[in-house]
K.L.:
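The structure follows.
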Amino acid sequence: MNGHMTIGVLSLQGSVEEHLASLSLCEAVTPLPVKTPEALEQVDALILPGGESTAIVHLLRAFGLFEPVLQRAQDGMPVWGTCAGMILLAKELVDEPPHFGLMDILVRRNAYGRQIHSFTISDTIPAFSPHPMPLVFIRAPWMERVGPEVQILHTWNGHITAARQGNFLATAFHPELTSCPHIHRFFAHMARTALD
Ligand code: GLN
């Protein structure tokens, strides 16, 4: 591989355009919307965006993408789930069955409660950048527990909001809604290393 990569964004529902725009700021990355199994075959790595996880799962099945995405991920394709995407990646969900079950994390949906559906904080996540960045939480989930293979990258108020397990990255917040492409760059680097 010459370092150039195509990174897909699952384009069924949620913050798709924003992820594509953030990826376009990354060097040597071609962003590609993924809505079909054919498009999935073109990508080296995939972002599962935020949105509504139940709607995304429904559409994944309707578009014949659930099994192909799962298969590619099991075969080693790097996957980053943001918010609803993190819910899709989880091996366990509180009070409901899991979806892809790829990452050894226990996730609680809508964890911050109905009173505060959305809020933004500023914090430094050394794995991504030495500088503080805005972290946007929208009806966000958190991770209640992670398995031994999972590296915790960020916690806030005692809850895990970013983690990595091998080729899988999960963030409870929405980096694509800020003008900081640090985590997109991190994911591109992570994917490039995995694929080299
Ligand atoms: N609350 C949503 C869900 O449960 C996730 C919110 C988001 O992706 N911003 O799927």
Side-chain angles (χ1 to χ4, degrees), residues 7-23 31 33-35 45-63 65-66 69-70 73 78-123 125 128 133-146 150 153-165 168-184 186-187:
I7 300 187
V9 179
L10 185 71
S11 299
L12 301 174
Q13 194 262 337
S15 54
V16 172
E17 292 305 320
E18 295 86 347
H19 268 301
L20 291 167
S22 297
L23 284 174
V34 170
K35 218 182 250 196
L46 184 67
I47 294 176
L48 307 175
E52 186 56 41
S53 54
T54 46
I56 296 175
V57 167
H58 181 76
L59 292 166
L60 273 164
R61 295 200 185 280
F63 282 69
L65 270 167
F66 190 93
V69 168
L70 182 58
V79 181
W80 171 21
T82 57
C83 205
M86 170 174 120
I87 295 168
L88 298 189
L89 280 177
K91 206 169 189 172
E92 283 181 281
L93 298 179
V94 174
D95 295 335
E96 55 193 297
H99 303 296
F100 287 135
L102 288 162
M103 243 182 117
D104 195 5
I105 56 179
L106 168 66
V107 169
R108 178 180 294 275
R109 292 177 66 197
N110 302 323
Y112 295 92
R114 293 185 189 282
Q115 331 63 303
I116 34 172
H117 293 178
S118 311
F119 57 96
T120 302
I121 60 167
S122 175
D123 207 1
I125 307 181
F128 301 139
M133 60 180 133
L135 306 178
V136 181
F137 292 81
I138 302 173
R139 290 179 57 90
W142 66 43
M143 291 173 245
E144 303 220 330
R145 192 171 65 224
V146 304
V150 178
L153 301 178
H154 184 251
T155 59
W156 185 67
N157 268 358
H159 296 108
I160 305 162
T161 66
R164 174 181 180 178
Q165 180 181 3
F168 304 131
L169 179 67
T171 55
F173 45 84
H174 287 263
E176 76 285 6
L177 299 181
T178 74
S179 53
C180 298
H182 300 299
I183 311 184
H184 291 79
F186 177 89
F187 181 60

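Just follow the structure's listing: the first ligand is 1, and inside any ligand the first atom is 1. Computation of the quantities below employed the complete heavy-atom set of this structure, encompassing side-chain atoms and omitting hydrogens, waters and symmetry-equivalent molecules.
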K.L.:
What do we get for R109 next to ligand 1 when only non-hydrogen atoms under 4.0 Å count, side chain, backbone, both or neither?
P.N.:
side chain
K.L.:
Indicate yes or no: at least one non-hydrogen side-chain atom of F173 is less than 4.5 angstrom from one of W156.
P.N.:
no
K.L.:
Below the 3.5 angstrom mark, is there an N/O of I87, backbone or side chain, next to an N/O of ligand 1?
P.N.:
no
K.L.:
Give a yes-or-no answer on whether the side chains of T82 and H19 include a donor-acceptor pair shorter than 3.5 Å.
P.N.:
yes
K.L.:
Below 4.0 Å, non-hydrogen atoms only: which portion of T54 touches ligand 1? Side chain, backbone, both or neither.
P.N.:
neither
K.L.:
How far is atom 1 (N) of ligand 1 from its nearest protein heavy atom, and which residue and atom name does that atom have?
P.N.:
N110 OD1, 2.6 Å
K.L.:
Any idea which atoms of ligand 1 are less than 4.0 Å away from a heavy-atom of S53?
P.N.:
3 (C), 4 (O), 10 (O)
K.L.:
Under 4.0 Å from any heavy atom of R139, which atoms of ligand 1 are there?
P.N.:
1 (N), 2 (C), 5 (C), 6 (C)
K.L.:
Look at atom 2 (C) of ligand 1 and say which protein heavy atom is nearest, naming residue and atom and giving the distance to 0.1 Å.
P.N.:
G51 O, 3.5 Å
K.L.:
Give me the nearest non-hydrogen protein atom to atom 7 (C) of ligand 1 as residue plus atom name, then the distance to 0.1 Å.
P.N.:
C83 SG, 2.8 Å
K.L.:
Is there a donor-acceptor contact under 3.5 Å linking the side chains of E176 and S15?
P.N.:
yes
K.L.:
Taking the side chain as C-beta and beyond, is there a heavy-atom pair between I105 and E92 under 4.5 Å?
P.N.:
no
K.L.:
Can you check whether I47 reaches L23 side chain to side chain, under 4.5 Å on heavy atoms?
P.N.:
yes
K.L.:
So, T161 versus W142: side-chain donor-acceptor pair below 3.5 Å or not?
P.N.:
no
